[in-house]
Number of protein chains: 4
Amino acid sequence: MPKIGQEPIRREALIQATIAEIGAAGSLSVTVGQIAKRAGMSSALAHHYFGGKDQMLHAGMRGLLRSFTAQVKTHVAQARTPRARIDAIINASFDNTCFEPQIISAWLNFYVLAQKDPEAQRLLRIYQRRLHSNLAAALTPISQQPHEHAEIIAAMIDGVYIRQALKEGALGGPQAAARVISTLDTLIGTDR
Amino acid sequence: MPKIGQEPIRREALIQATIAEIGAAGSLSVTVGQIAKRAGMSSALAHHYFGGKDQMLHAGMRGLLRSFTAQVKTHVAQARTPRARIDAIINASFDNTCFEPQIISAWLNFYVLAQKDPEAQRLLRIYQRRLHSNLAAALTPISQQPHEHAEIIAAMIDGVYIRQALKEGALGGPQAAARVISTLDTLIGTDR
Amino acid sequence: MPKIGQEPIRREALIQATIAEIGAAGSLSVTVGQIAKRAGMSSALAHHYFGGKDQMLHAGMRGLLRSFTAQVKTHVAQARTPRARIDAIINASFDNTCFEPQIISAWLNFYVLAQKDPEAQRLLRIYQRRLHSNLAAALTPISQQPHEHAEIIAAMIDGVYIRQALKEGALGGPQAAARVISTLDTLIGTDR
Amino acid sequence: MPKIGQEPIRREALIQATIAEIGAAGSLSVTVGQIAKRAGMSSALAHHYFGGKDQMLHAGMRGLLRSFTAQVKTHVAQARTPRARIDAIINASFDNTCFEPQIISAWLNFYVLAQKDPEAQRLLRIYQRRLHSNLAAALTPISQQPHEHAEIIAAMIDGVYIRQALKEGALGGPQAAARVISTLDTLIGTDR
DNA sequence: AATGAATGAGGATTCATTCAT
DNA sequence: GATGAATGAATCCTCATTCAT
């Protein structure tokens with residue numbers, strides 16, 4: 001009886017291992033061997049499935065962005081008002097599944113990768129555009145400068161992330177979200 | 001008697017070359033040889049003066065942070081009011097000498113370095129603390145939550161930087177500064 | 001399924017190549033590349049199997065000492081009296097497989113290695129202790145100072161070796177053995 | 001006023017530094033820089049005086065052998081009988097100035113050097129010949145096999161040295177000398 | 001005389017990648 | 001499908017040696 005359907009399992013294991021290994025090492029120079037080992041297979045097999053290290057990195061990025069997206073969807077699903085939708089997006093970004101050291105470190109490394117790797121750049125731009133349009137759409141009913149405010153909130157989210165990467169005066173996810181939300185309140189003139 | 005006094009010249013050349021090479025390559029994995037070549041010397045001499053690649057990277061970071069600091073000093077020197085001082089700090093951050101692709105890329109890479117390298121982490125924390133205290137000091141007379149607002153502005157600065165690194169809808173330095181300043185206006189309730 | 005079971009073959013080839021290369025070069029500063037080439041593989045593979053040059057040197061030492069030990073065992077196996085056992089040990093030391101320029105040179109180099117490398121020192125001490133206890137055990141029935149005499153014989157063996165290393169008035173193995181044995185005769189007062 | 005007569009002082013300092021550095025490092029791969037530093041000058045000057053590392057090593061060897069020779073002369077000068085002369089030679093070899101770890105280690109390293117370096121080989125052969133002829137001359141009146149016995153004693157001296165290099169059950173110089181002398185007693189049938 | 005400056009050559013080590021089984 | 005085997009290319013680093021002053 002041949003093992004069937006192994007491929008998707010293997011690929012997924014490699015994707016998670018890529019993120020985890022980069023996050024743990026804090027660097028893109030993790031070796032294919034390390035990743036493959038963490039995923040429980042030989043580096044040769046990793047190459048077999050992905051063709052090379054670059055594609056593994058891309059797959060890792062896609063995996064990470066997929067998680068972000070899923071997180072946002074989950075949070076937003078329960079929002080009933082535009083305002084609740086924005087809060088949901090912000091809260092999703094700082095959900096514990098995203099806002100933990102290894103994930104932050106991986107995310108930061110992917111930004112670096114995007115400096116030289118067009119595909120990585122493309123993926124991050126997609127993420128940024130999606131974040132912007134989500135925020136702007138939700139802001140439209142309640143803000144007079146939805147795009148400007150969307151940019152400010154997006155920048156703050158990224159900024160809080162990068163500051164978190166230094167672990168200095170690090171906030172928990174909820175406090176980080178609260179700070180961004182409170183800034184948003186001020187921006188759109190909400191009284192709370 | 002030998003040719004003398006080359007050390008400071010060579011060291012400075014290597015520091016600038018380190019920043020430039022990392023900025024251009026978008027990666028910390030530039031080779032010592034590349035850096036040395038850009039600085040116009042052999043890699044052996046680079047090792048002679050710095051002892052190793054790590055120390056060159058640290059020196060590069062210190063050089064970059066020194067530029068930031070100098071930039072801030074220059075801008076702040078002409079400020080006569082607290083408010084002008086804050087604007088000067090923000091404008092300094094987005095001055096063209098700082099806010100250009102290579103510098104941003106280098107800065108991003110140093111954040112990555114800080115994920116695993118204690119000295120790099122220490123240096124960046126110093127920079128963050130200094131930025132915070134500069135901002136908070138200037139905000140004290142004009143804001144009711146100077147520390148909170150300083151954090152928000154600092155996060156925005158970093159966030160705008162990292163978004164600039166993707167070159168998507170990239171702003172010029174002045175516009176970037178304007179956006180941060182306008183957010184600050186809203187935060188402290190200034191009418192302009 | 002991959003080609004399998006190469007490891008012991010490669011390791012053994014590297015061990016012999018290490019001894020041979022050090023013997024031929026007369027120096028520990030042979031390169032991993034030279035050793036690997038002699039063993040018919042790339043230096044990368046040598047590192048793969050041994051982890052580093054140091055471990056290759058240690059493996060080479062163990063290989064050499066193993067040969068010595070095996071040689072002694074072979075010779076001693078046929079000895080029926082204590083006296084014959086001692087002669088066998090001495091003869092084993094000067095057997096042609098041990099007492100040839102390359103082996104002597106390797107052995108000398110390993111003594112040098114032991115000056116700074118604790119593992120090398122440990123290995124040579126084991127060899128010395130074993131030689132001493134072999135000699136002393138065999139001497140006990142026929143000498144009144146078995147330990148003292150064992151030391152003298154051991155020193156002579158090493159001394160003849162090191163003098164052989166200069167190839168000046170070099171003896172053949174049998175003559176060298178004869179000289180040591182005749183000294184032993186005098187020491188224990190044997191009439192022959 | 002030019003410094004005159006500096007050359008012989010510098011050369012001597014380098015010679016002693018060479019021996020000391022090799023002895024301390026337990027290896028011939030000490031760098032010219034280390035040696036020069038110990039001798040209180042730049043490596044460039046060391047090259048200036050000796051032409052290259054090899055010649056510095058040779059000079060170091062000559063220096064060491066010169067010490068040995070001087071030691072022997074001193075001891076022998078007071079000997080009034082052939083027997084006393086032999087004892088003096090042996091005692092000289094184990095005098096504390098010779099029989100200390102660093103010197104032994106240097107001496108061992110020079111033996112290694114002689115494996116590949118003809119000049120080093122030539123120097124050590126001279127030493128051996130001189131030792132042999134000294135011993136044989138003194139033995140002639142009191143031994144029936146002066147050359148054979150000279151060889152045995154010479155081998156023992158070298159053997160005790162090399163065993164000392166492992167620092168296992170290391171003897172002091174006087175005990176080492178006593179062991180060799182007592183062996184000699186047995187060899188030539190002296191009653192003491 | 002003396003040395004800081006400078007480098008070319010070389011060595012240990014690592015790693016992505018390929019291949020044979 | 002899966003992996004041990006194998007390597008070429010690259011990287012950091014060291015060092016003897018030379019040179020200009």
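Here is the naming used below: chain letters follow the sequence lines, and residue numbers restart at 1 for every chain. All values below were derived from every heavy atom in this structure, side-chain atoms included, with hydrogens, water molecules and symmetry-related copies excluded.
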Checklist entry - Given dG4(E), is OP1 or OP2 found less than 4.0 Å from the side-chain N or O atoms of Arg10(B)? => result no
Checklist outcome for this item: Picking from dT3(E), dA12(E), dT7(F), the nucleotide nearest the side-chain atoms of Met41(C) would be dT7(F)
Next on the checklist: So if I take every side-chain heavy atom of Thr31(B) and compare against dC12(F), dC15(F), dG11(E), which nucleotide ends up nearest?
Outcome noted: dC12(F)
Base, sugar-phosphate alone, or nothing: which one does [X] contact when heavy atoms must sit under 4.0 Å apart?
{"X": "Ser42(C)", "value": "base"}
{"X": "Ser43(C)", "value": "base"}
{"X": "His48(D)", "value": "sugar-phosphate"}
{"X": "Tyr49(A)", "value": "sugar-phosphate"}

Rounding to a whole Å, what distance do you find between [X]:[atom1] and [N]:[atom2]?
{"X": "Ile4(B)", "N": "dC19(F)", "atom1": "CD1", "atom2": "C1'", "answer": "15 Å"}
{"X": "Ile35(C)", "N": "dA12(E)", "atom1": "CD1", "atom2": "C1'", "answer": "12 Å"}
{"X": "Leu14(C)", "N": "dA12(E)", "atom1": "CG", "atom2": "P", "answer": "13 Å"}
{"X": "His47(D)", "N": "dC19(F)", "atom1": "NE2", "atom2": "C1'", "answer": "13 Å"}
{"X": "Leu57(B)", "N": "dC12(F)", "atom1": "CG", "atom2": "C1'", "answer": "12 Å"}
{"X": "Lys53(A)", "N": "dT14(E)", "atom1": "NZ", "atom2": "C1'", "answer": "11 Å"}
{"X": "Phe50(C)", "N": "dT13(E)", "atom1": "CZ", "atom2": "P", "answer": "13 Å"}
{"X": "Gln6(C)", "N": "dG4(F)", "atom1": "CD", "atom2": "C1'", "answer": "9 Å"}

Checklist entry - In Å, rounded to the nearest 0.5 Å, how long is the span from CD1 of Ile15(A) to CG of Leu57(A)? => result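 With rounding to 0.5 Å, CD1 (Ile15(A)) is 11.5 Å from CG (Leu57(A)).
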Checklist entry - Between Gly33(D) and Ser43(D), which heavy-atom pair has the shortest distance, and what is it? => result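 Between these two residues, the closest heavy atoms are CA-CB, 4.0 Å.
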Next on the checklist: If you compare all heavy atoms of Ile35(A) against all heavy atoms of Thr18(A), which two are closest, and at what distance to 0.1 Å?
Outcome noted: CG2-OG1, 3.5 Å
Item to check | dT13(E) - base-pair partner by Watson-Crick or wobble geometry, distances under 3.5 Å | outcome: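 Pairing partner: dA10(F).
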Next on the checklist: Partner lookup for dG8(E), please. Criteria are Watson-Crick or G-U wobble with both distances under 3.5 angstrom; report none if nothing qualifies.
Outcome noted: dC15(F)
Checklist entry - Are Glu7(D) and Arg10(D) ion-paired here, with the side-chain N under 4.0 Å from a carboxylate O? => result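 Not counted as a salt bridge, because no side-chain N and carboxylate O are separated by less than 4.0 Å.
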Next on the checklist: I want to confirm an ordering. Mapping Ser29(B) and Ala46(A) to their closest nucleotides on DNA chain F, which one lands closer to the 5' end?
Outcome noted: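 The answer here is Ala46(A).
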Item to check | Expected output: side-chain Lys53(B) to main-chain Ser29(B) donor-acceptor under 3.5 Å | outcome: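 Absent.
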Checklist entry - Quick one: on DNA chain E, does Gly40(B) or Asp54(C) contact a more 5' nucleotide (nearest heavy atom)? => result Gly40(B)
